[in-house]
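Notes to accompany the following structure.
Chain A is the first sequence line, chain B the second, and so forth, proteins listed ahead of strands; every chain is numbered from 1.
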Amino acid sequence: MEKQVIDPSIKSIPIEIEPPKQADHGDFATNFCLVASKTAKTNPRALAETLLPAILAISQNRHPHVGGDPALENQGSLNSSLPAGEGKGWGINTQNIGNPETSPLLSAEIAGPGFINFRLNPAWAAQFLTEVLENPTTFYKPKNDNPQTINVEFVSVNPNGPITIGSGRGAAFGSALCNVLEAAGNTVHREYYINDGVNSEQMRLFAESVKAIIEGRPVPDNGYKGDYVHKTANSISTLLNFANVNSERAGDIFLKFVQDFINATDLSEYPEMPIAAEKLLGLAEKLKQADALSSDHSELELIRYFAEGSMVRSQSDDLRVFQTNFDTWFSEQSLHDSGLVEQELQHLLASNVADDAPTRTKVVFAKGGIIKEVLKEGQPIDGDVENVEGFPPQDWGGQGGVESPPLRFNGEGDQGGEVSQSTSSTIWLRSTKFGDDQDRVLKRADGRLTYIASDVAYHKDKFNRPANADKLITVLGPDHHGYIARLTAVVAAMFSDQVAPLVNPEPLTEHEALIYTSIAERNQCQAALAWAKDHLEVQIFQIVRFLKDGKPAPMRKRDGNIYALIDLINEIGETLKPDGTTEEKQQAGSDVARFFYLMRHHDTAMDFDLELATKQSDENPVFYVQYAHARICSVIDKAIEEGISLPIGEGLREGSLEYLHLLTHPKELALILKICDLQNEIARTAEDYSVNRLTTYAIELARTYHSFYDSCRVIQPDQPELSQARLALCEATRTALQAALELLGVSAPNRMDRAERPT
RNA sequence: GCGCUCGUAGCUCAGCGGAUAGAGCACCAGCUUGCGGAGCUGGGGGUCGGAGGUUCGAAUCCUCUCGAGCGCGCCA
């Protein structure tokens, strides 16, 4: 036969190798010939027939090993652990290849329109187990050629109530995402943003609600009414009574209490402590001032500090139970106190992306993000503030000039004061220059700063955690969808003076002329926007609808109809482990809730059936997975009792893995391949953040094991070599299961209590 | 109006442009003188909302359309 010449340009086409859905199509298949046929200027089948023998020349005598084939190294993670095809001949008929002990492949064949199907040599594939057993904590971590430092902010609810089951989804997703990003070789910083700015209307309302309860008045309209509000009010009430009766000593006593508490706490494990402690210490200082309680104003501050501090504490306690931990709890107010907000505001003004001109630009977009209309609105001189609910505040001083914030712990930290201290002009962020649909207020005419102003400083500061962070990921709830554009605009505006402008000599369009003053400005701003989109990724998780008695249950903090995450955890735990310790109950509850949240893609709405989660929770797939783990542990224990050695970790004995080639059963091969696949799943998850993939993987791995277990008896005293090989497979499976569950934040129990079966 | 998301088995949902679209629950029939039966094996069940388009090939990508959910504050 004549030697075929293949167009060399097909070298640039990526090779994809996947396990086919049909088992009789082999263990792996590649569609390369289908993809490359056009480039190669031939039909797929002919290309396959030419290519197969050409591939053969690469590796006639491969040694069995696990790891990358240099020829395939750059083609993707799964592929790198696969062998290259080798053999003679081609055609529809299966070709047997190499010798049965060491050849990677049993066969390779051309099928269908031009697929090449590979059948692995199980004995060769089993060598992968050596890798697993020798490196149980790293075998599943994919190679990462471009490791990044990433700040991930998630949960970040207001300190005015417990973590709800709604926020629970963000906690589960965010924490699991961090785990996966880390496993994929990145450096991750977990961050919680405490919305404790003294300007916050919501927090003021919260404090006023607590105060009303203390004083026996009805809470304000739209105020907070839940049980926890009363609980907080009661403890403050006790404190206040004590302080009033014994004001000269109350502060000292409370101060000592707080300090003892702090001293007894390992701060490295409780990163939120400085914030909560700061608030509580502030409260103690207040109590020490004899006249502190004389004015209504101060008492509200005091109540607010206590309420916020205790809420932050209880939130962090609940999250810790939920296997959700943070490196940094960041206080919004600290940005004001340190002057960073004012500093960044000046920066924006200096960069000409913010000003106090009395107009606002609004952009109307047509479908596809095309600008349809640009409107310039004049700013009402009066009345714009009064339209806002609750304004002007009667008894609450804001910052920036009306009054100083009530307490200071970080020295001066006042508002700087170069911009209008207390009067007249609203300061606008010209966010329409950065793709937002309207300009945003940074500073109100009365001098108070908006939430966006904090955001500017916050996002700049965030890039320091980790140092010189490559990327910020912010996980937000479904009600924050409209926030993406302005947040991106904020980041773009902040760095607008630091990026290279686009090169675009096109004159300004009619619309652009209303937004930008020059071509240069447009090119600068659009470059900044591109930079921002590149460095800030907002991940929205969709709504969780809670079903109680089959009907949607409303979930609002303010009307008290609230369902706390910790209550859900406790209820599930109570059902599952009625005789367990609190810790055991919460572990079980957390496991079920986390798995439940993580089973669905974060960006799709999900129903959370409260009956199912609490009452019928043994139907939850998490038990299926955990049962597989417990079962393996049991088998291993039993095997060791029977004198079968298990080669793991430091006890790895030379030669003890020499029988792995006996693992030739189809179920054994399937299990080995599934374990091998974990690395690939993690790599993909780190790319597209679809953490739910790992729950699916865990279920499939468990199923593959159960199926193997049913077909292949592990402990067979008359076949010690096979037993040992299968035991190694069991341990490798256990290791992979444990790794997957750990990433999900779900425990991998060594044993599980049998459920009581109704008779 | 604009934006985001979803529509796949009776129900809840998986599904990386590939070959005959999968799992759990529910239903039916089996499996243990053997390592945990919370398990395994098999079966019935589908116009992947609809219509076009791109492609050798579409549940997957594009456009349109129908239906459902959510979001668009000088709130945070």
Between B/rU60 and B/rA19, how far is it from one C1' atom to the other, in whole Å? 16 Å
Less than 4.0 Å between a side-chain N and a carboxylate O, is that true for A/Glu687 and A/Arg684? no
Span that lies between the C1' atom of B/rG7 and that of B/rA51, in whole angstrom: 16 Å
Do the two ring centres, one from A/Tyr624 and one from A/His706, sit under 6.0 Å apart? yes
Can you check the distance between B/rC6 and B/rG42, where both ends of the measurement are the P atom (answer in whole Å)? 33 Å
Nearest-angstrom distance, P atom, B/rC48 to B/rG30: 34 Å
So does A/Asn692 get a side-chain nitrogen or oxygen closer than 4.0 Å to the phosphate oxygens (OP1/OP2) of B/rG15? yes
Regarding A/Lys362 and A/Asp439, does a basic nitrogen lie under 4.0 Å from an acidic carboxylate oxygen? no
Where are the stems of RNA chain B, defined as at least 3 consecutive Watson-Crick or wobble G-U pairs with both distances under 3.5 Å? B:1-7 with B:66-72, B:10-13 with B:22-25, B:27-31 with B:39-43, B:49-53 with B:61-65
Within the structure shown, what part of the strands sits under 4.0 Å from A/Glu332 by heavy-atom distance: base, sugar-phosphate, or nothing? sugar-phosphate
Has A/Ser707 got a side-chain N or O lying under 4.0 Å from the OP1 or OP2 atom of B/rU41? yes
Indicate, with a heavy-atom threshold strictly under 4.0 Å, whether A/Thr604 touches base, sugar-phosphate, or nothing. sugar-phosphate
Would one find a side-chain N or O of A/Arg713 under 4.0 angstrom from OP1 or OP2 of B/rC35? no
Would you classify A/Lys367 as touching base, sugar-phosphate or nothing, given that sugar-phosphate means primed atoms plus P, OP1 and OP2, and contacts are heavy atoms under 4.0 Å? sugar-phosphate
Which part of the nucleic acid, if any, lies within reach of A/Arg545 when heavy atoms closer than 4.0 Å are counted: base, sugar-phosphate only, or nothing? nothing
Between the base of B/rC70 and the side chain of A/Gln542, is one N or O donor paired with an acceptor at under 3.5 angstrom? no
If we take the C1' atom in both B/rC64 and B/rC27, what is their distance in whole Å? 41 Å
With a cut-off of less than 4.0 Å, is there a side-chain N or O of A/Tyr624 near OP1 or OP2 of B/rG37? no
What does A/Asn31 touch in the nucleic acid at a heavy-atom separation under 4.0 angstrom: a base, only the sugar-phosphate, or nothing? base
Under 4.0 Å from OP1 or OP2 of B/rA76: is there any side-chain N or O of A/Arg440 that close? no
